[in-house]
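Have a look at the structure below before the remarks.
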Protein chains: 2
Amino acid sequence: MRRKVKEAAVALDYHPNIAAQSLIARRSYLIGLTYERPSPSYVVELQNGALSRLENGRYRLVVLPFNHVTSRPEELGKLLLRAGLDGVLLAPPACDQPELLDMLERQKLAYARITPHRDLHRGVVVAMDEVAAGHSVAAHVLALGHRRVGIILGDPSHAASKGRLEGYRQAFAEAGHSIDPTLVVTGDFTYDIGYRVALDLLRHSPRPTAILAQNDDMAVAAIAAARDLGLAVPTDVSVAGFDNSEVSRTAWPQLTTVHQPVREMAWDAANRLIAALDGKDELAAPRRRDHPHELLVRASTAPPAE
Amino acid sequence: MRRKVKEAAVALDYHPNIAAQSLIARRSYLIGLTYERPSPSYVVELQNGALSRLENGRYRLVVLPFNHVTSRPEELGKLLLRAGLDGVLLAPPACDQPELLDMLERQKLAYARITPHRDLHRGVVVAMDEVAAGHSVAAHVLALGHRRVGIILGDPSHAASKGRLEGYRQAFAEAGHSIDPTLVVTGDFTYDIGYRVALDLLRHSPRPTAILAQNDDMAVAAIAAARDLGLAVPTDVSVAGFDNSEVSRTAWPQLTTVHQPVREMAWDAANRLIAALDGKDELAAPRRRDHPHELLVRASTAPPAE
DNA sequence: CGTAAATCGGTAAACGTTGACATAAATAGG
DNA sequence: CCTATTTATGTCAACGTTTACCGATTTACG
């Protein structure tokens with residue numbers, strides 16, 4: 001009986017009109033993904049994680065990159081509200097804009113926050129322990145015997161930068177040392193700026209024997225800067241990154257880094273967003289979930305030469 | 001009069017219901033983007049190119065990656081038709097599946113093809129001259145004096161691999177030489193496979209003095225393979241890539257490569273797709289457009305040592 | 001002041017579904 | 001065979017817009 005209908009549907013290749021379905025269901029079955037300043041590998045991981053949850057479901061993923069969120073959060077809010085989404089995945093730094101969260105809540109647009117660093121009680125949160133992750137990579141370098149350690153921070157508008165730095169600080173304190181503030185420079189997570197500040201760091205005298213970069217792109221830049229100064233990695237200087245992005249494996253030498261489970265977090269964020277949308281809110285609990293990081297020791301770190 | 005209405009709309013912060021608008025306009029204002037096997041940098045370029053055309057317009061971008069298109073083009077067709085799109089941007093190898101194009105035409109789903117290599121008369125086409133691009137990089141290496149040249153092909157299901165190879169062949173012929181078939185190996189555009197086949201190539205005796213890789217990821221893998229064998233680039237072996245993707249600049253030494261205008265092509269494809277959807281078909285003409293490539297000579301190529 | 005044009009206010013159909021409901025027909029159980 | 005239940009068939013309102021249209025009112029212009 002219903003089989004016949006389905007057969008007829010196939011025969012006429014009838015496809016239900018999605019707009020009409022959306023209209024009556026009061027759902028668009030669209031999930032947004034916002035991010036800023038795309039480090040390609042990060043964006044693709046994020047996207048693939050979310051997509052792996054969405055495939056074989058009704059929901060579709062709309063990508064909405066948006067730059068300079070911190071200076072104009074309301075504009076992003078308008079963009080998101082105009083996009084007719086059912087829910088949105090917020091990557092840093094958008095996930096840390098209270099004004100934006102206010103807007104979304106006022107308009108009842110569901111959201112999930114990926115690695116936020118403030119107001120952790122608000123909305124659905126997936127995170128990793130940035131402090132512990134920072135701690136583990138710094139402890140590794142200290143255990144190798146390094147003392148003069150250069151640090152390349154990420155974009156200050158991303159709160160992850162602070163968390164990771166705090167982790168470094170704790171590791172230094174535990175080892176009975178402290179960070180040399182003259183060896184701390186600020187990047188913005190991009191290769192180009194990373195290269196520039198790494199050069200500054202390596203021209204410092206006495207030269208640092210190790211560099212902790214807050215993402216892999218900047219770590220790779222530091223390796224290039226070292227080579228351009230005639231220094232070998234890890235013989236003359238050790239370099240560690242952060243994220244375990246594709247470049248960390250394709251770099252030479254392969255980067256010691258901390259695996260950031262971006263894919264898994266994006267999957268989880270999408271999963272719980274959908275659970276909330278489909279009214280299975282219980283499944284979304286607990287509101288906050290931490291995903292484990294992992295220190296990956298590869299070829300770019302070694303004991304100092306002297 | 002209408003000003004008052006707009007003011008009231010703002011005051012009540014009223015946002016028109018997109019589903020209802022779509023229903024009546026018989027438009028979803030959704031553009032799809034399909035691609036396969038995401039080399040992160042390629043995907044991001046593609047996406048950003050399309051997005052840069054879409055922003056400030058009504059259209060939104062839905063990402064629909066799909067693997068193994070060549071073995072199941074109808075499945076991708078179903079996915080696209082079910083997604084409720086107004087139009088779709090087809091990257092390789094989906095853009096070269098006649099069955100898929102047939103389905104889309106039958107269901108009247110507009111499409112634009114990015115760098116297709118067959119049936120170039122069908123639909124909207126944006127392309128580059130792969131043969132000429134392959135020619136230019138091969139000619140460069142030959143002009144440096146290389147004769148034993150290893151070649152790492154891309155995924156055979158991507159027609160670009162053939163076009164680029166044909167360009168190499170022409171350059172060799174013009175120089176009065178020919179490609180040594182024992183020095184041609186097949187990769188799949190990924191780093192890992194690229195690394196493996198590059199090792200094979202470099203263990204060949206006599207060793208090639210230069211390697212032409214059909215994308216940058218594989219070229220970077222070849223550099224890593226060379227270093228792992230104790231060979232310096234470009235002193236012992238020159239390496240050239242293809243695409244001018246981000247890794248080509250962050251690699252060390254920076255890669256000689258051919259700029260593939262992915263961003264521009266994606267912009268153009270989106271532009272002409274929208275022109276067709278909005279009924280400004282005249283603006284979409286000519287149906288086919290070639291974008292210029294550009295040889296970028298950087299640090300990874302030099303004359304052979306001997 | 002009178003006519004033509006522009007503006008206003010209101011009603012209604014249409015877009016393609018879904019879901020509720022009512023009625024009619026088929027099937028099952030005792 | 002009769003009732004109770006399941007299954008089939010059909011009608012209609014609703015979702016939130018847009019577009020067309022009609023009549024009423026205002027404005028512009030000679």
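So that the names make sense, note that chain A is the first sequence line, chain B the second, and so on, each numbered from 1. Small disclaimer: the values here were computed from a predicted structure and weren't measured.
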Phosphate-side-chain proximity, A:Arg27 and D:dC15, N/O vs OP1/OP2 below 4.0 Å: no
Short side-chain N/O contact to C:dT18 OP1/OP2 from A:Arg26, under 4.0 Å: no
Tell me: [atom1] of [X] to [atom2] of [N], nearest whole Å?
| X | N | atom1 | atom2 | value |
| --- | --- | --- | --- | --- |
| A:Ile18 | C:dT18 | CD1 | P | 11 Å |
| B:His15 | D:dT17 | NE2 | P | 11 Å |
| B:Leu23 | D:dT19 | CG | P | 13 Å |
| B:Asn17 | C:dC15 | CG | P | 18 Å |
| A:Gln21 | C:dG19 | CD | P | 10 Å |
| B:Ile24 | C:dA12 | CD1 | P | 17 Å |

A:His68 atom NE2, over 12 foreign heavy atoms within 6.0 Å: no
Closest contact, heavy atoms only, A:Asn67 versus A:Glu36: OD1-CG, 3.7 Å
Cationic tip of B:Arg164 above B:Phe242 ring, under 6.0 Å, 45° of axis: yes
Check: B:Tyr35/B:Gln47 side-chain N/O donor and acceptor closer than 3.5 Å: no
